[in-house]
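A short worksheet on the structure shown next.
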Amino acid sequence: MTLIKSPYSLCFSILLFIGCSASKKAVVPDAINEVLNLPAKTSRLTANELKAWGHADLATDTIPGISLAKAYEFLKGKKSTTVIAAVADTGIDTDHEDLAPVMWSNPKDIVDGKDNDGNGFVDDINGWNFLGATYNENLEMTRMVRNFKQQFGDKTAADITPEEMKDFELYQKLAKEVGEKFSGSGYYFNVDFNAREGQPDPYDYAVKIYGDNNIKNTVGSEAHASHVAGIIGAARGNEKGIDGIADNVKIMSLRIVPQGDEYDKDVALGIRYAADNGATVINASFGKGYSPNREWVYDAIKYAAEKDVVIVMSSGNNGQNIDESPTFPNDAPDAMKEIADNVIMVGANTYNYNESLPAAFSNYGKRNVDIFAPGVSILSTVPGGKYRPMGGTSMAAPAVAGVVALVRSYYPKLTAAQVKQIIMKSGTKIDFEVMTPGSEPTMVPFTDLCVSGRVLNAYEAVKMAEKISK
Ligand SMILES: [Ca+2]
Ligand SMILES: [Ca+2]
Ligand SMILES: [Ca+2]
Ligand SMILES: [Ca+2]
């Protein structure tokens, strides 16, 4: 998972051929920018400002939040329908005072040991737990070394066929790296540790039903999903904790992210579960450097696009350009041509409306990151009924997912492709130079860091949605 894992190097890129042409974009005009040439905020944020800075308004607060109060002012008196936002993540604290009221529950299944709705999952009440009892995991590169070890045994380069050579070379490279990083204990680089021992093979796509219905966090430190879910939809106006962004949303939980790298199979099947069971937006705040079964994920993304589901992804926290070093999952196998028009890739911005606007840890990419959203010191829900600030592109993605849910609940006729374009084109245009993230920052136009050149704006998004849906 992006937030907790130490940075990993991303240094290979295989061009996969995906039999699909670039999809047609929904046509949405650009927003008129009303907040240009504002002075930069120079004072430090007060404790109170910090508490919900992500919702602040640039024009009135000089803090580059998403203008949420203005969005609700605009929506006052308008009707909304409940939308389902799937949080594909760790386990979640469903008993949290600010999450319990907004958890999705499957209206067609009950706890009786039977699959009442025939969707293949027995007693799936709040979603599905693809991890079973596991939480601690290796990185994907470590699992690849273990799988390659089985494939190649004691073979040396002399025994390898030309067809196998590419894999063999990757095996040698990864085995060296994993060996160097393994410290004798811990999980990420332990080739001898197999968290899914005795479970259906995560590298065999034939078995698609496994895991269980317990989507709760297994330990208190398994806080990621609770935090993400709170940003999207923590109960608003209940005089408790925080306000989520969307006010008519139910959170479906898909437990697919361990402490370590997620499996492609769990990701693909999680996306499919969400698309099949009513979610209209999926938040995917995770990522990894290697993805041996990425075609399963690309197929699931296309499936979700057919079902009109928006997928919001975090761009990762390595401070690097993902046009050059891709992270997985993504929506463009060659980092150029998108396989579908329903994925929004999100970078993280700070509360500084100046050259420090991009978070120093955020990944970026003029072609592959779509928009930036608040992602530092974000206060949200964590297990045990608590609240804690956290930072990362993992927190920026659910801000976008929250606004997607908000737009789709008030303007349900808009398609996933339209909503993606509305999110991108209604953001606040950033017309100044900023420091690139990473350890060696240079000054570049913000428009070099993402496709839209904008940061998320809920108010402009609902205004544009109203206009487009007419
Ligand atoms: Ca079921
Ligand atoms: Ca049942
Ligand atoms: Ca609340
Ligand atoms: Ca893309």
Side-chain angles (χ1 to χ4, degrees), residues 18 20 22-23 25 51-52 55 68 96-102 104-129 208-209 211-213 215 226 229-247 249 251-252 273 276-278 284 287 297-298 301-302 305 310-316 322-323 326-347 363-371 379-381 385-387 397 400 402 416-417 420-421 423-424 450-452:
I18 299 291
C20 176
S23 39
K25 297 252 187 305
K51 206 182 154 207
H55 297 180
L68 191 60
H96 195 292
E97 60 178 6
D98 237 1
L99 293 178
V102 297
W104 174 74
S105 75
N106 183 353
K108 299 181 209 147
D109 209 327
I110 54 168
V111 181
D112 61 355
K114 293 177 193 143
D115 180 19
N116 310 79
D117 56 359
N119 67 353
F121 299 87
V122 174
D123 297 353
D124 52 322
I125 304 303
N126 301 118
W128 196 251
N129 168 25
K208 293 193 174 66
I209 308 286
D212 58 50
N213 72 344
I215 51 83
S226 299
I231 293 168
I232 296 171
R236 291 178 59 84
N238 61 345
E239 309 280 314
K240 282 175 187 154
I242 58 154
D243 283 343
I245 291 170
D247 69 343
V249 66
I251 303 291
M252 173 191 284
Y273 179 97
D276 283 338
N277 291 279
V297 180
Y298 288 130
I301 291 169
K302 285 188 270 187
V310 175
I311 303 175
V312 184
M313 296 177 182
S314 58
S315 64
I322 62 168
D323 293 350
T327 62
F328 300 93
N330 59 55
D331 66 350
D334 62 357
M336 299 286 279
K337 195 186 277 182
E338 293 178 342
I339 55 159
D341 54 6
N342 63 331
V343 174
I344 308 175
M345 182 70 86
V346 186
N363 285 349
Y364 57 96
K366 197 179 170 64
R367 291 196 74 101
N368 289 287
V369 172
D370 293 307
I371 192 164
L379 184 68
S380 188
T381 42
K386 294 179 184 141
Y387 303 85
V400 171
K420 172 180 176 174
Q421 292 303 314
I423 294 292
M424 289 174 66
C450 63
V451 180
S452 67

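All values below come from the heavy atoms of this structure, side chains included, with hydrogens, waters and symmetry mates left out. Read the numbers this way: they start at 1 and go in the same order the structure lists the ligands and their atoms. Because the structure is a prediction, the values reported are computed rather than measured.
- In terms of the side-chain contact (heavy atoms from CB on, under 4.5 Å) criterion, residue partners of Ile125 (sequence neighbours excluded) are, by chain and number, Ser105, Val111.
- Only protein N, O or S atoms were scored, and 6 of them lie under 3.0 Å from the Ca ion (ligand 3).
- Side chain to side chain, Asn213 and Asp124 fail the donor-acceptor criterion of an N or O pair below 3.5 Å.
- Inspection of the Asn277 and Asn106 side chains reveals no N or O donor paired with an N or O acceptor under 3.5 Å.
- Put simply, the side chain of Asp370 gets close to the backbone of Met345: a donor and an acceptor are under 3.5 Å apart.
- Taking OH of Tyr387 as the start and OG1 of Thr381 as the end, the distance is 7.0 Å to the nearest 0.5 Å.
- If you look at Phe121 and Trp128, their ring centroids are closer than 6.0 Å.
- Around the Ca ion (ligand 1), the protein atoms of type N, O or S that sit closer than 3.0 Å are Asp109 OD2, Asp115 OD1, Asp117 OD1, Asn119 OD1, Phe121 O, Asp124 OD1.
- A distance-only check finds no donor-acceptor pair linking the side chain of Asn342 to the backbone of Ala416 [under 3.5 Å].
- Between the Lys420 side chain and the Val343 main chain, a donor and an acceptor come within less than 3.5 Å of each other.
- Using a distance-only test at 3.5 Å, with no hydrogens or angles considered, a donor-acceptor pair links the side chain of Asp243 to the main chain of Gly237.
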Applying side-chain contact (heavy atoms from CB on, under 4.5 Å) to Val369 and Ser315, what does each step give before you reach the verdict? CA-CA 7 Å; Val369 172; Ser315 64; 3.8 Å; yes

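- Salt-bridge check for Arg367 with Glu338: failed, with every basic side-chain N at 4.0 Å or more from each acidic carboxylate O.
- Checked by atom type and distance alone, the side chain of Asn129 never pairs as donor or acceptor with a backbone atom of Gly211 at under 3.5 Å.
- Listing protein N, O or S atoms at distances below 3.0 Å from the Ca ion (ligand 4), with waters left out, gives Asp331 OD1, Asp331 OD2, Glu338 OE2.
- Between the side chains of Asp331 and Tyr298, not a single donor N or O lies within less than 3.5 Å of an accepting N or O.
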